[in-house]
Engineer: 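Below you will find the structure I want to go over with you.
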Amino acid sequence: MINEARKVNTIGIIGGTGKEGKGLAYRWVKAGHRVIIGSRQWEKAQKAVETVTELLGSETELLEGMENEDAVKACEIAVITVPYAAHRPTLEALKDALEGKLLIDVVVPIVPPKVTKVQMPEAGSVAQEAQNILGENCHVVDAFQNISHERLLQDGEVDCDVLVCGKGKAAREVVLELVKDAGLKGWDAGPIENAVVVEGLTSVLIGLNIQHHVHAAGIRITGIPDQD
Ligand SMILES: NC(=O)c1ccc[n+]([C@@H]2O[C@H](COP(=O)([O-])OP(=O)(O)OC[C@H]3O[C@@H](n4cnc5c(N)ncnc54)[C@H](OP(=O)(O)O)[C@@H]3O)[C@@H](O)[C@H]2O)c1
C-alpha cells in the first residue's frame, strides 16, 4: 500500500533499472515519493517501471521512467546506482544537469574479480570522486552501500543500518529522512572523507556472504539508546 501522506520529493535514479535502483524505487514509492527511474534507454526505463509496478501491486502516477538526463532534470534529489566502471563517465555526461542538486551516491568501488578486497579510487572514495567531478555546487552524500537489493525488494524490516556521510549536514539530514522513508535506520556518519569506511565495508560484507553462504550480511550500530 502506498503512503500518500508524507512530504513528497521527486527522486531521479540514474541507472535505476538495475537491482539496487529498483529496490530503492519500490521503497520510496511505497512511502509516497515521486520516483523517476532513469536509464540510458527510454524503453528499458519503462520496463523497470512495469516491474516495480507489479511489485507494488497497483498502477501509480508516482512512478515513471525516463532517459537518465531527463530524470535528473526533472528531479529535486538525484541518486546514482550504476556499476563503478560506469560512475565517472555517467557523471561527466550529466554534470550540467546535476548542477546545484543533491546527489545520493550508492556506488561501491567494486573492481572485479577481487570483489572481497577493498579497492578505493585515487580520490579516496567514490563519493569524493563524484564531488570532484561535479564541483562545489553539488552536494554528494553516500548512502545504502551496505544494503543488499534483495532486502530492499522484500517487505518488512531490514536487518542492516545505513551510514550516511557526505558534503554538508543539511544535505545529510535530507538523506537521513529518505533512509527512514525507505524503512531503514540511518546514522549521520559525518563528512565526505568518511565515505572510505562506508564504501569499503561492502567488500567486507560480500566476503562474509561468501564465507557464510548468505546473500545479505549487514551492519548494526549498537550502544546508542533509541531516540525515535
Ligand atoms: N545490488 C546490490 O545489492 C547493491 C547493494 C549496495 C550497493 N550497490 C551498488 O549500487 C550500484 C548498482 O548496483 P546494481 O546491482 O543495481 O547494478 P546493475 O544492476 O549491474 O546496474 C545498474 C544499472 O546501471 C546501468 N549501467 C550498466 N552499465 C552501464 C554503463 N557502462 N554506463 C552507464 N550505465 C550503466 C544500467 O542501466 P541502463 O542500462 O538502464 O542504463 C543498469 O541497469 C553498484 O555500484 C553497486 O556496487 C549494489
Side-chain angles (χ1 to χ4, degrees), residues 11-28 35-52 64-72 78-95 97-98 103-121 125-127 129-130 133 140-154 158-165 175 179 182 184 186 195-210 214-219:
I11 304 164
I13 309 182
I14 302 160
T17 53
K19 300 175 280 294
E20 190 78 352
K22 283 194 291 235
L24 289 168
Y26 173 61
R27 289 206 163 227
W28 281 327
V35 176
I36 306 165
I37 292 184
S39 171
R40 289 168 294 178
Q41 290 166 265
W42 186 87
E43 294 77 10
K44 203 172 161 185
Q46 308 315 312
K47 190 99 189 55
V49 166
E50 276 173 31
T51 307
V52 177
E64 58 185 314
M66 296 184 188
E67 285 186 21
N68 283 327
E69 188 174 354
D70 293 333
V72 172
V79 180
I80 183 163
T81 55
V82 298
Y84 177 58
H87 183 255
R88 173 178 284 281
T90 302
L91 288 183
E92 282 174 349
L94 296 172
K95 185 177 173 179
L98 284 163
L103 174 70
I104 304 177
D105 205 326
V106 186
V107 174
V108 179
I110 299 284
V111 188
K114 294 191 173 163
V115 295
T116 60
K117 178 175 145 179
V118 178
Q119 300 177 79
M120 300 310 291
S125 64
V126 171
E129 197 169 77
I133 295 166
V140 178
V141 176
D142 254 4
F144 304 107
Q145 275 78 4
N146 309 138
I147 306 286
S148 153
H149 70 277
E150 293 182 26
R151 292 295 174 88
L152 293 173
L153 287 164
Q154 286 163 5
V158 179
D159 187 19
C160 182
D161 287 350
V162 179
L163 299 177
V164 173
C165 58
V175 177
V179 169
L184 295 150
V196 57
V197 176
V198 179
E199 295 172 16
L201 258 179
T202 306
S203 289
V204 176
L205 293 172
I206 294 171
L208 290 171
N209 283 341
I210 295 168
V214 296
H215 295 286
I219 55 142

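Indexing begins at 1, ligand by ligand and atom by atom, following the structure's order. What you see is a predicted model; the values in this text were computed from it and never measured.
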Engineer: Show which side-chain atoms of residues 18-27 pair as donor or acceptor with protein atoms under 3.5 Å away, not counting sequence neighbours.
Structural biologist:
{"unit_1": "Glu20", "atom_1": "OE1", "unit_2": "His149", "atom_2": "N", "d": "3.2"}
{"unit_1": "Lys22", "atom_1": "NZ", "unit_2": "Thr17", "atom_2": "O", "d": "3.1"}
{"unit_1": "Tyr26", "atom_1": "OH", "unit_2": "Asp155", "atom_2": "OD1", "d": "2.7"}
{"unit_1": "Tyr26", "atom_1": "OH", "unit_2": "Asp155", "atom_2": "OD2", "d": "3.2"}
{"unit_1": "Arg27", "atom_1": "NE", "unit_2": "Leu152", "atom_2": "O", "d": "2.9"}
{"unit_1": "Arg27", "atom_1": "NH1", "unit_2": "Ala182", "atom_2": "O", "d": "2.8"}
{"unit_1": "Arg27", "atom_1": "NH2", "unit_2": "Arg151", "atom_2": "O", "d": "3.2"}
{"unit_1": "Arg27", "atom_1": "NH2", "unit_2": "Gln154", "atom_2": "O", "d": "2.7"}
{"unit_1": "Arg27", "atom_1": "NH2", "unit_2": "Gly156", "atom_2": "O", "d": "3.1"}

Engineer: Please check this pair: side chain of Gln145 against backbone of Ala143, looking for a donor-acceptor N/O pair closer than 3.5 Å.
Structural biologist: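 Yes, Gln145 side chain to Ala143 backbone: donor-acceptor pair under 3.5 Å.
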Engineer: What is the nearest protein non-hydrogen atom to atom 46 (C) of ligand 1, stated with its residue, atom name and distance?
Structural biologist: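 Result for atom 46 (C) of ligand 1: Val108 N, 4.3 Å.
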Engineer: Evaluating non-hydrogen atoms only, which member of Lys22, His87, Arg40 is closest to atom 26 (N) of ligand 1?
Structural biologist: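 Shortest heavy-atom distance from atom 26 (N) of ligand 1: Arg40.
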Engineer: Are any side-chain N or O atoms of Asn209 and backbone N or O atoms of Ala217, one a donor and one an acceptor, separated by less than 3.5 Å?
Structural biologist: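 Confirmed, Asn209 side chain pairs with Ala217 backbone.
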Engineer: Just to be sure I'm reading this right: ignoring hydrogens, which of Ser203, Ala86, Pro83 gets closest to atom 27 (C) of ligand 1? Compare them by their nearest heavy atoms.
Structural biologist: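 When every heavy atom of Ser203, Ala86, Pro83 is considered, Pro83 comes closest to atom 27 (C) of ligand 1.
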Engineer: Is it the case that Gln119 and Tyr84 place a side-chain donor and acceptor less than 3.5 Å from each other?
Structural biologist: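 Note: Gln119 and Tyr84 side chains miss the donor-acceptor criterion.
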Engineer: Nearest non-hydrogen atom to atom 11 (C) of ligand 1 belongs to which of Ile13, Val82, Leu24?
Structural biologist: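 Nearest option to atom 11 (C) of ligand 1, by heavy atoms: Val82.
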Engineer: When you measure from the side chain of Glu199 to the backbone N and O of Val126, does any donor-acceptor pair fall under 3.5 Å?
Structural biologist: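 Flag set: sc Glu199 to bb Val126 pair under 3.5 Å.
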Engineer: Below 4.0 Å, non-hydrogen atoms only: which portion of Ile147 touches ligand 1? Side chain, backbone, both or neither.
Structural biologist: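 For Ile147, only backbone atoms sit under 4.0 Å from ligand 1.
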Engineer: Does any pair with a residue in residues 79-90 pass salt bridge (Lys or Arg N to Asp or Glu O under 4.0 Å), and if so which ones, sequence neighbours excluded?
Structural biologist: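 Only Arg88-Glu92 qualify under salt bridge (Lys or Arg N to Asp or Glu O under 4.0 Å).
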Engineer: Given Glu20, Gln145, Glu199, which one has a non-hydrogen atom that is nearest to atom 16 (O) of ligand 1?
Structural biologist: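 When every heavy atom of Glu20, Gln145, Glu199 is considered, Glu20 comes closest to atom 16 (O) of ligand 1.
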Engineer: Does at least one non-hydrogen atom of Lys44 fall below 4.0 angstrom from an atom of ligand 1?
Structural biologist: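 Checking ligand 1 against Lys44, which is what was asked, there is a heavy-atom contact under 4.0 Å.
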